[in-house]
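What follows is a set of notes on a single structure, which appears directly below.
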Amino acid sequence: MVEYQQVTVAEVIKETADAVSIVFDTEMDYRPGQFLTLRCGPVARCYSLSSSPHLDDRPQVTVKRIPDGYGSAWVCDNVRAGTVLDILPPAGIFSPSSLDDNLLLFAAGSGITPVISIIKSALTNGTGRIVLLYANRDQESVIFASTLRELADRYPDRFTVIHWLESLQGLPTPRHLTALKPFTGFQSFLCGPTPFMDVVTQALKSMGVPRDRIHVERFISLSGNPFEETVEEAVDGDEATVEVDLDGEQHTFQWPRNKKLLDLLLEKGIQAPYSCREGACSACACRIEQGEVKMLQNEILDQEDLDDGIVLACQSLPVTDTVKITYT
Ligand SMILES: Cc1cc2nc3c(=O)[nH]c(=O)nc-3n(C[C@H](O)[C@H](O)[C@H](O)COP(=O)(O)OP(=O)(O)OC[C@H]3O[C@@H](n4cnc5c(N)ncnc54)[C@H](O)[C@@H]3O)c2cc1C
Ligand code: FES
């Protein structure tokens, strides 16, 4: 079973009628844009950190209640100050490679959560320009409205927020978004419902933004539960060799060709990171230093990630006889 941490909730902050921030009474090492996996009763759900590791003393996630959603309702209805929650370590690769980059950010609804962490971190610890297009149903559903206003006032030369309210302007179309053409040289980060992301991706592509400058975070619900899963036993047979560098320690294992890398590592007692085990969340992302693997499923890594040698351990089988992997 996965090694998880138990953390006490310090505070629950009501952000809007249907969104709360859960502040944890613990210290945490994470990158802006990363997420935690929470045990929500019988299910597990991923929630992005809305705090900044550079600015905020305590980590927090922000959860928006989804109509008929199980996990989000469980958090909103059950979690109070003093509640102890089971969480997996911070994970994910929706994070700028440099806080000095110029950033063109797109968020819709709860998609602001990883994006606000990136904004706070880049404004306080970076030097670049940031433009945010933030879409919401109406004024009342805007999460972090006052924080964004304060940051725009404090950094007028570096930070611009464009609010898009569906109640006033309808849904954004690729044609509307061409107004952002002057900023298409920036690194783009997108997070929101699929139709919104599709429109933004289409607009960016039509303005000539290459795929490797478009970074996407998809808010899906896990269908498995990493807190409950057990690891399958190894099978004998044709094997490759894998060298793994994790947390400064090197390990070498024989790697059965039909066994996924994450399964192998967990079975060997290595605490490799993971969450969904479905190729959908990127918690298990690692880098190939030598050799080749094939992934059975990949719903999250983009071409730039693949070109950088990033792969999903939960979906990787060996292709070459020797593979070297490092966790960054
Ligand atoms: C990496 C990652 C980061 C995430 N970060 C956040 C975050 O910061 N904040 C946050 O609130 N959520 C976040 N999510 C989404 C979250 O994990 C859940 O998917 C979400 O809370 C819905 O779960 P649920 O159990 O309430 O709904 P479910 O019970 O899973 O779904 C119930 C019904 O609602 C539909 N549904 C699911 N999601 C949506 C949606 N977004 N809009 C409309 N209908 C939907 C489903 O199709 C289903 O019919 C993140 C997901 C991932 C993978
Ligand atoms: S654990 Fe989610 S992609 Fe591998």
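When reading the values below, keep in mind they use all heavy atoms of this one structure, side chains included, and skip hydrogens, waters and symmetry mates. Read the numbers this way: they start at 1 and go in the same order the structure lists the ligands and their atoms.
Note that atom 47 (O) of ligand 1 has no protein non-hydrogen atoms nearby, at separations under 4.0 angstrom.
Within ligand 1, counting atoms from 1 as listed, the ones closer than 4.0 Å to a heavy atom of F35 are 1 (C). Every atom of ligand 1 with a heavy atom of V63 under 4.0 Å away is listed here by number and element: 11 (O). Contact atoms of ligand 1 toward D68: 32 (C) (distance under 4.0 Å to a heavy atom of the residue). Interface of R218 with ligand 1, defined as ligand atoms under 4.0 Å from a residue heavy atom, comprises 52 (C), 53 (C). Counting the atoms of ligand 1 from 1 in the order shown, those under 4.0 Å from a heavy atom of E217 are 1 (C). Near G69, meaning under 4.0 Å from any of its heavy atoms, are these atoms of ligand 1: 24 (P), 26 (O), 27 (O), 28 (P), 29 (O), 32 (C). The atoms of ligand 1 that sit less than 4.0 Å from any heavy atom of T113 are 8 (O).
For atom 11 (O) of ligand 1, the closest non-hydrogen atom on the protein side is K64 N, 2.9 Å. Among all protein heavy atoms, the one lying closest to atom 2 (C) of ligand 1 is C46 CB, 3.6 Å. Annotation: atom 29 (O) of ligand 1 to nearest protein heavy atom, Y70 N, 3.0 Å. Atom 23 (O) of ligand 1 has as its closest protein heavy atom S221 OG, 3.2 Å. Annotation: atom 34 (O) of ligand 1 to nearest protein heavy atom, I66 CG2, 3.5 Å. Annotation: atom 8 (O) of ligand 1 to nearest protein heavy atom, S48 N, 3.0 Å. Scanning the protein heavy atoms around atom 21 (O) of ligand 1, the nearest turns out to be Y47 OH, 2.8 Å. Counting only heavy atoms of the protein, atom 26 (O) of ligand 1 lies nearest to S72 OG, 2.6 Å.
Neighbouring protein atoms of atom 4 (Fe) of ligand 2 (N, O or S, distance under 2.8 Å, waters ignored): C284 SG, C314 SG.
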Walk me through it: do T320 and E292 pass the test side chain to side chain donor-acceptor pair (under 3.5 Å)?
-> CA-CA 5 Å; T320 47; E292 196 184 330; over 6 Å; no
Show your reasoning for whether side chain to side chain contact (heavy atoms under 4.5 Å, CB included) applies to C46 and S275.
-> CA-CA 8 Å; C46 304; S275 179; 3.7 Å; yes
Please lay out, stage by stage, how T37 and Y4 fare under the test side chain to side chain donor-acceptor pair (under 3.5 Å).
-> CA-CA 9 Å; T37 305; Y4 57 84; over 6 Å; no
Residue pair T184, L180: steps toward the side chain to side chain contact (heavy atoms under 4.5 Å, CB included) verdict = CA-CA 7 Å; T184 48; L180 296 169; 5.6 Å; no
Evaluate the criterion side chain to side chain donor-acceptor pair (under 3.5 Å) for residue pair R129 and T160; output intermediate values, then yes/no.
-> CA-CA 8 Å; R129 181 92 212 269; T160 307; 3.0 Å; yes
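Around the CG atom of D29, the shell of radius 6.0 Å holds no more than 12 heavy atoms that belong to other residues, nucleotides or ligands. Annotation for Q6: atom CD counts as buried by contact number, over 12 foreign heavy atoms lying within 6.0 Å. Enclosure of atom CG in D68 is not indicated, since only 12 or fewer non-hydrogen atoms of other residues, nucleotides or ligands lie within 6.0 angstrom. Counting heavy atoms of neighbouring residues, nucleotides and ligands inside a 6.0 Å radius, atom CG of D247 does not exceed 12 of them.
Checking C40, A19, G71 against atom 25 (O) of ligand 1, the nearest heavy atom belongs to G71.
For the pair R277 and D263, the salt-bridge criterion is met [side-chain N within less than 4.0 Å of a carboxylate O]. Ion pairing of K259 with E239 is absent here, as no side-chain N (NZ or NE/NH1/NH2) approaches a carboxylate O to less than 4.0 Å. For the pair R287 and D305, the salt-bridge criterion is not met [side-chain N within less than 4.0 Å of a carboxylate O].
Side-chain N or O atoms of W74 include none that pairs as donor or acceptor with a backbone N or O of G69 at under 3.5 Å.
Contact of the W255 side chain with the P318 side chain is registered, since non-hydrogen atoms from C-beta on lie closer than 4.5 Å.
A continuous path of Ile, Leu, Val, Met, Phe, Trp and Tyr side chains, each step under 4.5 Å between heavy atoms, connects L301 with L261, placing both in one hydrophobic cluster.
Looking at V61 against ligand 1, nothing comes within 4.0 Å, counting heavy atoms.
Ligand 1 has an N or O atom lying under 3.5 Å from an N or O atom of I220, backbone or side chain.
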